[in-house]
Enquirer: 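Below you will find the structure I want to go over with you.
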2 protein chains.
Amino acid sequence: MEPASEPTGKPRRRRKEARPHEIIVAGLAEFAERGFAATRLEDVAARAGIVKGTIYRYFDSKEMLFEAALSSGIGSAFEALPEIVADYEGSTLDLLRLLVGRLYETLFTPEVELLARIIISEGQRFPAVAELYYRLLVGKGRDVLRRIMERGLARGELLPSPLSATPEALIGPVVMAIVWNTIFGRLDPIEPKRFLDAHLDLLEKALGHNG
Amino acid sequence: MEPASEPTGKPRRRRKEARPHEIIVAGLAEFAERGFAATRLEDVAARAGIVKGTIYRYFDSKEMLFEAALSSGIGSAFEALPEIVADYEGSTLDLLRLLVGRLYETLFTPEVELLARIIISEGQRFPAVAELYYRLLVGKGRDVLRRIMERGLARGELLPSPLSATPEALIGPVVMAIVWNTIFGRLDPIEPKRFLDAHLDLLEKALGHNG
DNA sequence: ACAATTAATGACCGAAAGGTCACTAATTGA
DNA sequence: TCAATTAGTGACCTTTCGGTCATTAATTGT
């Protein structure tokens, strides 16, 4: 179907250092699109500009590549948060606004959406992956939320209540927005900015004491 | 490993009417556990007490079985809601409480959790399935929410705001709870009742005008 | 410059699984 | 009761794909 039109000058370069990362990037794209089971290593290789066999020089199996790919993507996006919370001077509401704003900024970005798609669709089937993300991201976010609420209680800005005991509910809307876009994005995408506005409005109504 | 201990009296019954449903139930369990691609039709058959070939008497392909299974599970759980909203006498807050309470009751049930797991993990890859659920469930829920907000605005109970324009944010916590349990349920399950309390608390704080 | 090393290749293997079909036997109905 | 019908079976076909390995050629070190 393609005679010798383009001789495909394939000089066969050796690039020991660059390869693993390229394979991982290609893998993430394929895994996000097709899911783990339906992803073909040959397609990953093609996307990375190499051949299937080469993958095995860097990764022992499809599953190892999968886990390596998901591990590689864990940014330290929330690394700075505990410090920010500790040093913060303003109101609890403003602190929550800051946190939620960061969440939208961080999560609605092409690379993170890619990762989110994979975790949402495969997380339950790969305990190691779920645990990794729980420990390094979700659990940390939870701790930060808890600390914010404790701080609010200590400063007398809020009273003990079901909500202060389960502050995770406060970030429900962001999670919903991501999942929604993952599943129904083609039919009826959520505009992050619009959702953020509604979310901030909800926080303010629920926790602001003005009037 | 099992000589002739139990001769397995397999009388080979013919049950034209019961079979399709049994296959669908077996399929749902397998699809939820392993995902579409990794599910083996032989396992589905075994679970249904038949043999792989028999599946093909009722379904043309694995994909057809998948779609049939997901279609079959669509309960009319929200069917009654529009009427309830139309006839409701109480406050907007109470109406929302009612709605949210129903959501928790409906969604945190073994069968629905099974379906949720499948939709969350495979929805993006099966546009037909996503569309079906969007039209029959999600879209309807959205309409109900919108009508509740319109009603609240008309009755002067709430003012136009980012939140009233994007009321989906109000049910974020339920969605989060389901997705959380799907992905991190083994590590740190969310107790629906506790989350419901926090959610109701959030609604009340955000929309109640007392004090 | 050239030998040793090793990244990269692509042909190949074997198992797994979707799907088919000729056959078996339970059901139906005349 | 017995022939016609058809649900159910299981052996089989075919393709796909994860994984292997002998071979090739780019790189490295001396």
Side-chain angles (χ1 to χ4, degrees), chain A residues 1-2 4 6-31 33-70 118 122 125-126 128, chain B residues 2 7-70 122 125-126:
Chain A
M1 283 303 167
E2 195 173 3
E6 198 168 332
T8 320
K10 225 185 192 177
R12 191 195 215 190
R13 286 278 138 71
R14 291 174 65 170
R15 301 182 312 127
K16 181 180 163 59
E17 319 73 31
R19 234 47 128 167
H21 183 245
E22 288 173 2
I23 294 171
I24 280 176
V25 169
L28 282 175
E30 291 289 322
F31 288 136
E33 196 173 324
R34 323 230 187 248
F36 175 79
T39 288
R40 287 170 300 215
L41 250 27
E42 236 164 62
D43 291 346
V44 174
R47 195 183 271 256
I50 54 176
V51 129
K52 188 175 59 170
T54 305
I55 292 177
Y56 285 88
R57 195 156 305 275
Y58 299 100
F59 303 96
D60 290 340
S61 68
K62 189 184 180 184
E63 206 163 324
M64 298 282 268
L65 168 60
F66 183 71
E67 296 189 357
L70 284 183
I118 301 177
E122 304 283 12
R125 255 161 251 131
F126 291 85
Chain B
E2 197 175 2
T8 321
K10 226 186 190 176
R12 190 195 216 191
R13 287 278 138 70
R14 290 174 66 170
R15 301 183 311 127
K16 182 181 163 59
E17 319 73 30
R19 233 48 124 169
H21 183 245
E22 289 172 2
I23 295 171
I24 280 176
V25 169
L28 282 175
E30 292 289 322
F31 288 135
E33 197 173 324
R34 323 229 188 250
F36 175 80
T39 288
R40 288 169 300 212
L41 250 26
E42 236 163 63
D43 291 347
V44 174
R47 195 184 271 257
I50 54 175
V51 129
K52 188 175 58 170
T54 305
I55 293 178
Y56 286 88
R57 197 157 300 275
Y58 301 100
F59 303 96
D60 289 341
S61 68
K62 189 184 180 184
E63 206 162 323
M64 299 281 268
L65 168 61
F66 183 71
E67 296 190 357
L70 284 184
E122 305 282 11
R125 256 161 250 133
F126 291 85

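Residue numbering restarts at 1 for every chain, and letters A, B, ... go by the order of the sequence lines.
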Enquirer: If you measure from CD on A:E22 to OG1 on A:T54, what distance do you get to the nearest 0.5 Å?
Expert: 11.5 Å
Enquirer: Could I get the full list of side chain to side chain donor-acceptor pair (under 3.5 Å) partners for A:R40, not counting sequence neighbours?
Expert: A:D43
Enquirer: Give each protein N/O atom lying under 3.5 Å from an N/O atom of nucleotides 12-17 of chain C, with the pair distance.
Expert:
{"residue": "C:dA17", "atom": "OP1", "partner": "B:R40", "partner atom": "NH1", "Å": "3.3"}

Enquirer: If a pair satisfies salt bridge (charged side-chain N to carboxylate O under 4.0 Å, His left out) and one of its residues is in residues 48-68 of chain A, list it, with sequence neighbours excluded.
Expert: A:E42-A:K52
Enquirer: CZ of A:F59 to CG of A:L41: how many Å apart, nearest 0.5 Å?
Expert: 10.0 Å
Enquirer: Please compare A:A37 and B:R57 by the position of their nearest nucleotide in DNA chain D and report the one closer to 5'.
Expert: B:R57
Enquirer: Just the table, please: protein N/O against nucleotides 13-15 of chain D N/O, every pair under 3.5 Å.
Expert:
none

Enquirer: Below 3.5 Å is the cut-off: list the nitrogen or oxygen pairs between protein and nucleotides 27-30 of chain C, distance only.
Expert:
none

Enquirer: For B:F59, report the nucleic acid contact type (base, sugar-phosphate, nothing); a contact means any heavy atom under 4.0 Å.
Expert: nothing
Enquirer: Just compare C:dA7, D:dG18, D:dT9 and give me whichever is closest to any side-chain atom of A:K16.
Expert: C:dA7
Enquirer: Considering only heavy atoms, which members of residues 17-29 of chain A lie under 4.0 Å from some atom of DNA chain D?
Expert: none
Enquirer: Is there a side-chain contact between A:T54 and the phosphate of C:dA7, meaning an N or O under 4.0 Å from OP1 or OP2?
Expert: no
Enquirer: Assign the ring pair B:F66 / B:F31 to parallel, tilted or perpendicular, where the plane angle (0 to 90°) is split at 30° and 60°.
Expert: perpendicular
